[in-house]
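To start, the structure under review is shown below, and the notes come after it.
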Number of protein chains: 2
Amino acid sequence: MKISHVSEQWGIPVDTLRYYERIGLLPAVNRSESGIRDYSELDLRRVEFIKCMRNAGLPIEVLSRYMDLVQQGDSTIEARKDILIRQRGQLAARMAEMQKTLDLLNHKIEVYEQKILEKEQVIHQLQMDEWENEHYAI
Amino acid sequence: MKISHVSEQWGIPVDTLRYYERIGLLPAVNRSESGIRDYSELDLRRVEFIKCMRNAGLPIEVLSRYMDLVQQGDSTIEARKDILIRQRGQLAARMAEMQKTLDLLNHKIEVYEQKILEKEQVIHQLQMDEWENEHYAI
DNA sequence: GCTTGACTTAGAGCTAACTCCAAGTATTAC
DNA sequence: GTAATACTTGGAGTTAGCTCTAAGTCAAGC
């Protein structure tokens with residue numbers, strides 16, 4: 001699969017895909033005779049993994065380290081697990097912070113809705129007054 | 001309250017507090033005669049709000065726009081509500097993405113734990129074999 | 001009155017993560 | 001065969017959000 005296809009399929013710019021490869025986050029992708037990238041199934045699974053992790057804000061440096069360990073084989077399983085556990089903790093912490101913010105946003109939006117309702121009632125009252133002035137004035 | 005105190009209390013570097021003020025995110029803080037910042041109760045509430053929102057990744061530009069509208073008074077209530085609703089949506093979307101990543105991390109960690117267990121069993125088996133060789137060999 | 005340390009400013013520098021550019025080669029459509 | 005399009009590279013440029021520096025002022029302690 002060519003880079004443009006991968007880019008479309010996963011919604012990742014071609015520049016970014018090449019960038020990931022250049023910095024060693026994505027292991028070297030196989031090329032055709034003329035040097036054009038041909039993404040294998042394994043490459044695609046890696047791309048998907050990286051995309052998922054980057055989406056959640058895991059730093060490239062950490063992911064690079066993890067991918068290196070994967071390349072080194074089974075002796076690095078514990079180290080890999082440690083990385084994932086640490087990142088999971090940080091992710092959960094960030095999500096907890098975001099939940100607090102979400103709660104605050106919900107509260108503030110409710111307050112605004114209340115204020116808007118009150119404003120509308122005032123306008124309605126004013127309109128009623130006007131109507132009465134027009135039609136029932138002596 | 002002086003800037004260093006605010007910084008300690010809220011865990012925000014003094015440079016960042018000054019930066020927020022410089023770019024207009026935090027409205028100008030009152031100064032002593034000699035020009036030293038003296039944060040009011042209102043300033044502190046603003047700092048807390050900004051900290052909470054920034055923690056969740058809301059962009060400074062959006063927060064600046066929101067703070068400007070607050071300064072302009074009640075006529076901007078609808079616009080402010082719209083901003084908060086839009087940001088709430090984006091925040092919820094980010095959190096959903098992060099939840100997916102968290103699920104994947106949990107799954108991968110489980111798999112690693114399983115692998116480690118298997119490895120230990122193999123080692124244990126090897127030790128048993130050795131023990132048997134040593135003690136029960138003919 | 002002098003030192004120490006907190007404060008001030010404008011502006012430069014830094015980091016992460018892309019994103020774009022120029023110049024060149026290869027493939028595809030007609 | 002030629003034009004248009006897609007690919008390649010190395011390296012420069014961009015963005016958001018700080019973070020640091022230099023040079024100076026001010027207040028408190030000894």
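The model shown is predicted, which means the values in this text are computed figures rather than measured ones. Here is how names work: the chains are called A, B, and so on, in the same order as the sequence lines, proteins then strands, and each is numbered from 1.
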Item checked: Residue pairs fulfilling ring-ring contact (aromatic ring centres under 6.0 Å, His included) with at least one residue in residues 75-113 of chain A, sequence neighbours excluded -> none
Item checked: Distance in angstrom units between B/Met1 CE and C/dC7 P, rounded -> 12 Å
Margin query: Looking at D/dT9, I'd like to know if its phosphate oxygens (OP1 or OP2) sit under 4.0 Å from a side-chain N or O belonging to A/Arg18.
Written below: no
Item checked: Atom-pair distance (CD1 on B/Ile3; P on C/dA6), nearest Å -> 13 Å
Next item on the list: Give a yes or no on whether the backbone of B/Ala79 and the side-chain of B/Thr76 come within a donor-acceptor separation of less than 3.5 Å.
Entry: no
Next item on the list: Have a look at B/Ile23 and say if it touches a base, only the backbone sugar-phosphate, or nothing, with a 4.0 Å heavy-atom cut-off.
Entry: nothing
Note to self: Checking B/Lys100 against B/Glu97 for the salt bridge (charged side-chain N to carboxylate O under 4.0 Å, His left out) test, could you report, in this order, the C-alpha distance in whole Å, the side-chain angles of both residues, the deciding distance, and whether it holds?
What the structure shows: CA-CA 5 Å; B/Lys100 277 191 213 164; B/Glu97 285 293 303; 3.5 Å; yes
Check: Checking A/Lys51 against A/Tyr20: charged group under 6.0 Å from the ring centre and within 45 degrees of the axis?
Finding: no
Check: Are B/Tyr19 and B/Leu44 grouped together when hydrophobic residues (ILVMFWY) are joined by side-chain heavy atoms under 4.5 angstrom apart?
Finding: yes
Next item on the list: Figure out the NZ/P separation between B/Lys2 and D/dC26, and round it to whole Å.
Entry: 13 Å
Next item on the list: Could you state the atom-to-atom distance from NE2 of B/His5 to C1' of C/dC7 in whole Å?
Entry: 16 Å
Notebook entry, point to check: With a cut-off of 6.0 Å (strictly less than), are more than 12 heavy atoms of other residues, nucleotides or ligands near CD of B/Glu41?
Noted result: no
Next item on the list: Mark up nucleotides 14-24 of chain D, 5' to 3', with B wherever a protein heavy atom is under 4.0 angstrom from a base atom, S wherever such an atom reaches only the sugar-phosphate, and - elsewhere.
Entry: ---BBBB----
Checklist line | Rounded interatomic separation in angstrom, taking CD from A/Glu21 and C1' from D/dT9 | finding: 12 Å
Notebook entry, point to check: Going by distance alone, is a donor N or O of one side chain under 3.5 Å from an acceptor N or O of the other, for B/Asp103 and B/Gln99?
Noted result: yes
If you look only at distance, which donor and acceptor atoms sit under 3.5 Å apart when one is on a side chain in residues 1-16 of chain B and the other is two or more places apart or in another chain?
{"unit_1": "B/Ser7", "atom_1": "OG", "unit_2": "B/Ile12", "atom_2": "O", "d": "2.6"}

Next item on the list: Under 4.0 Å from any atom of DNA chain C, heavy atoms only: list the residues of residues 89-100 of chain B that qualify, in numerical order.
Entry: none
Checklist line | Residues from residues 26-49 of chain A lying under 4.0 Å of DNA chain C - heavy atoms | finding: A/Ser34
Note to self: Just to verify, what does A/Tyr39 make a ring pair (Phe, Tyr, Trp, His ring centres under 6.0 Å) with, not counting sequence neighbours?
What the structure shows: none
Next item on the list: Test salt bridge (charged side-chain N to carboxylate O under 4.0 Å, His left out) on B/Asp68 and B/Arg65 and set out the steps.
Entry: CA-CA 5 Å; B/Asp68 281 354; B/Arg65 199 146 28 88; over 6 Å; no
Checklist line | No-hydrogen, no-angle side-chain donor-acceptor test under 3.5 Å, A/Asn106 and B/Arg88 | finding: yes
